[in-house]
Amino acid sequence: MSSSEVLQALPIPVLVVGQDQRVTGQNGAAAHLFGADLLGRHVATAIRQPALLEAIEAVLVGAPHADARLVFSPHGRDLIYNVHVATLSSERSAILTFLDVSRQEEAGQMRSDFVANVSHELRTPLTALTGFIETLRGPARDDPAARARFLDIMEKEAGRMNRLVTDLLSLGRLEDMGWMRPTDLVELDQVILMVINALNPAAKDRNVDVRASFDTTRPVIVLGDRDQLTQVFTNLTENAIKYGHKGGTVQITVKAVAQMPAFKGPGLEVTVQDDGDGIDSKHLGRLTERFYRVDNHRSRELGGTGLGLAIVKHIVNRHRGRLRIESTPGAGSCFSVTLPVPDPT
Ligand SMILES: Nc1ncnc2c1ncn2[C@@H]1O[C@H](COP(=O)(O)OP(=O)(O)O)[C@@H](O)[C@H]1O
Ligand SMILES: [Mg+2]
């Protein structure tokens, strides 16, 4: 067993650096990362990162091992490696193994961004509530009209906090469920009619006409989780009502698709189309991110949490479905969910 054979067999990038700091060995994974022409070159010309060069030097002058972090962007994407440098004393060399920790770092960053966002979202209504309590105790104590107005606002803010916590709990539960695919037979037409019914007060408020049409034989059955699918179409329809035109129309259409993309088999497509201002294409890719909103102020004004579409995306993924968002500024938006239907056999 030659040592070069061992190097080549390893799936992670490995380099060997000799006493003169020139590269004397590299495996395929390292060639893929740094380029194939490293052999014989001074390591500093390939990897210009002082911390790593220090670690290599330390090992070459006698330290048993040293670690360094390497951050670079070879193909336009930030990669972060933990580099372990160990001595190969018999060859008076150092062996470098590169462990890709980009994903962990990214996940850690996302977690702390998320916590910062949640804190901020909760703090805003809390600050408003605290402020109004002060006012009610002081200046507005003997002013019934002001008191009524402030209590209304306080109720709205408390409602927003409540929705935020509910949405966060939903997301948490969805994450706990992992990748288990739901297996109940759900009558989708019933779900949609129920959603429309439940949103009737919201639609009335904005004088919006919500219509459903079923271009398929009923009942419409999908494999799914009834409560979660209810949530999906509630969130999408609620958005269409909120962000569509006052006095406008929201059209929900269900039709059969013979072959779902990326899912070998038939499916059902539900589209929720509104006649609002639409969404600029630069936002489309990010709408399902947690707390991403096109217009922060407008969303908050309308009582939004910024989590609705993140929940939709999560549920649709769990159902092995597809969410597609299309919008033409000025001509409304169209959110389509495709779901697999059970095999007729
Ligand atoms: N039908 C729609 N028309 C225009 N913009 C929309 C529509 N649905 C969602 N959006 C945009 O996407 C953002 C995120 O939606 P969502 O996750 O449901 O959060 P929320 O409605 O609580 O703000 C909204 O703030 C809004 O800017
Ligand atoms: Mg929403």
Side-chain angles (χ1 to χ4, degrees), residues 110 113-114 117-118 120-125 156-175 192 195-196 198-199 201-203 205-212 228-253 269-318 321-337:
M110 273 170 65
D113 286 353
F114 180 62
N117 274 327
V118 170
H120 177 74
E121 296 287 337
L122 282 170
R123 175 161 287 156
T124 319
K156 229 174 95 183
E157 295 294 337
R160 197 145 71 82
M161 286 178 84
N162 197 9
R163 272 193 301 281
L164 190 61
V165 173
T166 307
D167 280 357
L168 287 169
L169 287 173
S170 289
L171 270 177
R173 263 198 311 273
L174 278 167
E175 264 163 12
I192 288 168
V195 165
I196 294 177
L199 287 173
D205 256 6
R206 290 181 59 83
N207 193 20
V208 170
D209 184 16
V210 184
R211 300 177 188 162
Q228 290 185 358
L229 291 176
T230 304
Q231 195 165 13
V232 163
F233 297 111
T234 302
N235 289 358
L236 293 180
T237 311
E238 190 179 36
N239 279 349
I241 294 170
K242 278 197 314 192
Y243 302 111
H245 272 152
K246 262 193 172 146
T249 307
V250 171
Q251 175 70 49
I252 305 176
T253 310
E269 185 184 56
V270 184
T271 56
V272 182
Q273 167 84 48
D274 65 59
D275 56 3
D277 292 334
I279 306 159
D280 197 292
S281 62
K282 68 169 187 262
H283 300 293
L284 291 184
R286 301 195 57 191
L287 287 186
T288 58
E289 285 176 23
R290 291 161 188 203
F291 300 117
Y292 189 87
R293 298 152 161 135
V294 175
D295 181 341
N296 271 312
H297 182 73
R298 175 123 189 260
S299 160
R300 292 217 178 87
E301 194 73 357
L302 296 168
T305 60
L307 294 173
L309 290 178
I311 292 173
V312 166
K313 174 90 183 175
H314 221 304
I315 295 176
V316 171
N317 282 347
R318 184 174 173 240
R322 269 291 165 85
L323 171 70
R324 209 176 61 235
I325 309 174
E326 288 160 337
S327 186
T328 316
S333 313
C334 181
F335 289 72
S336 321
V337 173

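Side chains included, hydrogens not; waters and symmetry mates left out as well; all remaining heavy atoms used. Since this is a predicted model, take the numbers as computed values, not measurements. Just so you know, ligand 1 is whichever comes first in the structure, and atom 1 is the first atom listed for that ligand.
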message = The criterion is salt bridge (charged side-chain N to carboxylate O under 4.0 Å, His left out); which residues satisfy it with E238, sequence neighbours excluded?
response = none
query = Salt bridge or not for E121 and R300, using N-O below 4.0 Å?
reply =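 Looking at R300 together with E121, the answer is yes, because their closest N to O distance falls below 4.0 Å.
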Electrostatic pair E175:R290 at N-O distance under 4.0 angstrom = yes
task = Measuring from the Mg ion (ligand 2), count protein N/O/S atoms under 2.8 Å, please.
result = 1
task = Search all heavy atoms of R293 against all heavy atoms of G304 and return the closest pair with its distance.
result = NH2-O, 3.4 Å
key: Heavy-atom closest contact (I196 atom, A212 atom, distance)   =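 Taking every non-hydrogen atom into account, CD1-CB, 3.7 Å.
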ask   = Under 6.0 Å from the six-membered ring centre of F335 and within 45° of its axis: does the NZ or CZ of R324 meet both?
value = no
Short side-chain donor-acceptor distance under 3.5 Å, S333 and S327 =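 Result is yes, a qualifying pair exists.
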message = Apply side-chain contact (heavy atoms from CB on, under 4.5 Å) to residues T249 and D274 and explain how you reach the verdict.
response = CA-CA 6 Å; T249 307; D274 65 59; over 6 Å; no
Expected list for residues 309-318: side-chain donor-acceptor pairs under 3.5 angstrom, two or more places apart:
| residue | atom | partner | partner atom | Å |
| --- | --- | --- | --- | --- |
| R318 | NE | M180 | O | 3.0 |
| R318 | NH1 | Q228 | OE1 | 2.9 |
| R318 | NH2 | M180 | O | 3.2 |

May I have the N/O to N/O pairs between ligand 1 and the protein that fall below 3.5 Å, each with atom names and distance to one decimal?
| residue | atom | partner | partner atom | Å |
| --- | --- | --- | --- | --- |
| ligand 1 | 1 (N) | D274 | OD2 | 2.7 |
| ligand 1 | 3 (N) | S333 | OG | 3.4 |
| ligand 1 | 8 (N) | N239 | ND2 | 3.4 |
| ligand 1 | 17 (O) | G308 | N | 3.2 |
| ligand 1 | 17 (O) | L309 | N | 2.8 |
| ligand 1 | 18 (O) | N239 | OD1 | 3.2 |
| ligand 1 | 18 (O) | N239 | ND2 | 2.8 |
| ligand 1 | 19 (O) | G306 | N | 3.4 |
| ligand 1 | 21 (O) | N239 | OD1 | 3.1 |
| ligand 1 | 21 (O) | K242 | NZ | 3.2 |
| ligand 1 | 21 (O) | Y243 | OH | 2.9 |
| ligand 1 | 22 (O) | T305 | N | 2.8 |
| ligand 1 | 22 (O) | G306 | N | 2.7 |
| ligand 1 | 23 (O) | Y243 | OH | 3.0 |
| ligand 1 | 23 (O) | S299 | OG | 2.6 |
| ligand 1 | 25 (O) | Y243 | OH | 3.3 |
| ligand 1 | 27 (O) | V294 | N | 3.0 |

